[in-house]
Every structure is written in structure tokens, then in C-alpha cells.
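Written below as C-alpha cells is the structure these notes are about.
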There are 2 protein chains.
Amino acid sequence: MSWRKDQGRAERGYHHGNLKEALLQAALDLISKKGPAGFTFADAARMAGVSPAAPYRHFRDRDELIASIAQRGFEQFEQLLTQAWDDGRPDTVTAFERVGKAYLAFAREEPAFYSAMFESGLPVDSNSTLMAASERAFAIIRAAAERLAALAPPGTPRPPAMMMALHIWSMSHGVASLFGRGDAARRKLPMSPEDLLEAEVLIYLRGLGFLTDRRPGAAAPADDKPAGPWGKPK
Amino acid sequence: MSWRKDQGRAERGYHHGNLKEALLQAALDLISKKGPAGFTFADAARMAGVSPAAPYRHFRDRDELIASIAQRGFEQFEQLLTQAWDDGRPDTVTAFERVGKAYLAFAREEPAFYSAMFESGLPVDSNSTLMAASERAFAIIRAAAERLAALAPPGTPRPPAMMMALHIWSMSHGVASLFGRGDAARRKLPMSPEDLLEAEVLIYLRGLGFLTDRRPGAAAPADDKPAGPWGKPK
DNA sequence: CGGCTCATGTAAAAGCCGTTCACATGAGCT
DNA sequence: AGCTCATGTGAACGGCTTTTACATGAGCCG
């Protein structure tokens, strides 16, 4: 993999042509390999085949590059969640669970994005467009919670959707950041992070009074002994 | 500008006397101010009034200093949780809630420790004594979960204590790291992180079948409409 | 086609940091 | 008193971030 711009096509001399994009891509590579702390501006420049000063034509400083990555991360995250939610199809609870899984999948498959978004230590509220992107992503969870809240069993108080959304988010982020990634902070778990989160969310939903038992033939779980949402640890 | 310890008291010459401790203290200060990434070895040395090379007599490198801080953090954390749990007094659920609050309090009041422990990006499993300290802290949560699981209402399946402990941990860590600290990643919340976590845990416990309504005169909540564990946002 | 301009690159340099090495100091023991 | 070893110093290397002055050449205008 030669970084040089002999990318199959014409030798591109003095000007790179698409340096900004190349830098973002390089940064993603580096962050996913060495964490957001280990990533260096100079390395990204080297990988893109330019001098260490070149990146400054495109980013005010190193933090702005990371912020750009976080920005993109939130956008992709929003897309992924939107897709997973699929407007609540085929049913609200199923879709909701799918969102949880998508959250974990994102954290695992895009560790660079995830750590830029949540673990880079950069002030989220400093950059207003970043903040907005983050809130658009959260809005998906919030909308899902809204739909779920509307399903509250009659006779029970309807839980505040915002609170539900925050709860779900904290569970997802907690599981993802403690147990989610390959080897960071790995502890021996009795189950996969996915199963852990699924059980957690199901128990939580049940605590709100939702009937979350969606197994075939479990239409009226009211009378039999409530089976736990945790299966046998597989 | 004399770097010497003209610290009010005796002129301490060539030898510092307690450099290791001074470095740890300085690092704590710096980390709490600028995050674990912003902290520099040289700064700590400067703050302790020694040359930049001196710290290497006490720590192999910068990472080892951070690991030492994380280690201490886990020890203090364990103490705090033990104290909060107080062996389940006056009753299991109350004590359990107190542990949750202690968790958040620690994250908020000792941000330097907390970020060294959970957000510094250092491999937890590289250092076995660090790993052990981390597990001793988790053991408190686990023990509390065990006691709670034993209280499962008769006739319901008893939830695995380990799973409960992991769930509680992920909720606490999620809330702490998303909403816990002063200005990092602050979002507008409808309630305090403490209340958010308390409601989350109570709903979760209810989902497991526990009667978590501990308000005076709420002895038999089985027949009245279940009041939500979320109060009015205060 | 010739020339202007400005975005985008480079080279060099300043200042910081982490880390190492040879050397200095002095605290504690014999 | 003298020895020794833990602990500190200073200088040096290489790398990173960031700034500055300068170079290049792509796109546009006449």
C-alpha cells in the first residue's frame, strides 16, 4: 500500500488533489489502530504523502481533525440507527432491540468513530455543528422511546420518553464502553455484550410495565410464571 | 528562578524526599484540570520542582504513572463502595441505591481518578495488580447484587447475580461517563444524573420483580396502580 | 495563448515532550 | 570517616505541533 499518489492514475505532483479526504481516512486508520490518543497529526500527513505542515491548510489543528471525524461519526451513527429503527417495523419492541444491537455494532465495527465521538475528551459543546450532529443521532433514540412510551399498558402511568431515551442511551454506552470493544478493558463475561445489553433493556422495559416477551406463542404471559428475559448463558 | 523547594519550610536540596508521592499528587491535579491526555510528565516534574528526568527514578514511563493513579483510584473506589454498601444496611435496596449514588459521586468528585481508571485508554489487563484492584472494586457491586438476587420474590426465577452486577455497572458507568462530570459532554438533562440513575436502577429492579417502592406506607403495592419510580422532575 | 491570483503544497525553525545516559549528590550503614 | 547506592541533574536525541516565509500550479480572465 503505497501512500504515494501514483494511485494507478497520473503522477500527481505538488498538489495532492484530495488531501482533506485522505487525511480523514488516514486518521481513521490510525485511531482505530492506536486509539485517539496515539494518533498523531504528523503520522496522518506522512500516510497521505505530504509534509507535516500541509494538514494545516485543511484543519486549524489536530483537535479540529478529530472533531471532523466525530462529526462524520455522528452522521454515520444517525444513519445506522435510523436504518435499524426502520420506523418501528415490524413492531416497536423488535425495532427497539435492533437499535440497541446497532449501537453496539457501531461501537465495535467503527471503534475509531466511536472513540472520536465519545472518548476523545474534546468538548462536545464547543463545536455547535458537532453538537447538532450528536443531537440528531440522539433524536433517533428519543423518537423510538416516544413510540415505545405510547405503547404503555393502559392503566399504567406513561413514562417520560426523554427519560427512557436517556436510560437506554446510558445502558448502551455503558455496555459498549466497558465491554464492547475487542480488547480494551476486556473482562471475562458470562455472555456477549449484545446479549448482556438485550437482557438489560428487556428487564428495564418490563420494569416499565411493557410485555416484552416476544417468543412465539407467548401472547399472554400474564398468568404463567414470568420467564426471565435472560436465557441460559449460551 | 530556583526550582528548589523553597516551599516555606526547610530548604531541601538535592533530594526531594518524597518525590513519588509529589508526582502522583501533581498528576492528579493536572489530570483533573486537563484530562488524562493533556497531562504531561514534564509538567508533573515541574510542579514537583525537579528536573524532567527525575520522575524516571520512580516510574518506568508516563503510562506507569497513570497506571499507578488508576490503581489508587480503584482502591479508593473500592473503599467508597464498601462504605456505601455498608453490608446492606438498613435494607438491601436502600443500600443498593446508595452504592449507585456513591458511584456517581466518585466520578464527579474524583474526575482525575475516574478518567485514569476508565478513560485513559491504557490496557487494563496488561497490569495484573491493576486488574486485581479493578476486580476487587467490582466485587463489591457483585456482592451487593448477590444479596439482592437472594431477595427475589418467591415463585420468580432468581436472576443471575453476575448479570445483575454487570447491568448495574453498565448503567452507572453509562450515566457517569455521558452525563456525570461537570462540563464534559454536557447535555441538557431533564433531571440530575443522580436522579436519572436512581430511576433507571429502580425500573430495572422492578423489571426483575423486586418491589422497589420504599416510600413510607407503601408496603403492599401489589394491588394499586403501580406508581412509577420516576417522580416529578424536581 | 499569456499572465494573474490564490488555494495548496514545502522547508525550516521554534518550542515542547518523552526518554536515555553519564555524572553528581548525599543519606544511611559499617 | 568512608563506602555505596538510591535519587537527582544536565545534556542530548528524536518526534510532534504549530508558525512562517516561500514555491507551485490550477483556474480564470482577457
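Worth knowing before you read on, the calculation uses all heavy atoms, side chains too, and leaves out hydrogens, waters and symmetry mates. Computed from a predicted model, the values in this text were never measured in an experiment.
An OP1 or OP2 oxygen of D/dA6 is reached within less than 4.0 angstrom by no side-chain nitrogen or oxygen of B/His58. In this model, the phosphate group of C/dC17 is approached by a side-chain N or O of B/Arg46 to a distance below 4.0 Å at OP1 or OP2.
Distance, B/Asp43 CG to C/dC16 C1': 10 Å, rounded to whole Å. Here D/dC22 presents its C1' atom at 13 Å from NE2 of A/His15, a figure rounded to the nearest Å. Per the geometry, CZ belonging to B/Phe39 stands 12 Å off C1' belonging to C/dC17, to the nearest Å. Atom pair B/Asn18:CG and D/dT7:P shows a separation of 11 Å (rounding to whole Å applied). Protein atom NE2 of A/His16 is 16 Å distant from nucleotide atom P of D/dG25, rounded to whole Å. When the C1' atom of C/dG9 is taken as reference, atom CG of A/Leu23 falls 12 Å away, rounded to whole Å. Atom-to-atom, CZ of B/Phe59 to C1' of D/dA6 comes out at 15 Å; the value is rounded to the nearest Å.
Residue B/Tyr14 places a side-chain atom within donor-acceptor reach of the base of D/dG8, judged by atom type and a 3.5 Å distance cut-off alone.
Using cut-offs of 30° and 60° for the angle between ring planes, the B/Phe39 and B/Phe41 rings count as perpendicular.
Of the residues near DNA chain C, B/Arg57 and B/Asp63, the one whose nearest nucleotide (by heavy atom distance) lies more toward the 5' end is B/Asp63.
Taking the six-membered ring wherever Trp is involved, the centroid distance between the rings of A/Phe77 and A/Phe106 falls below 6.0 Å.
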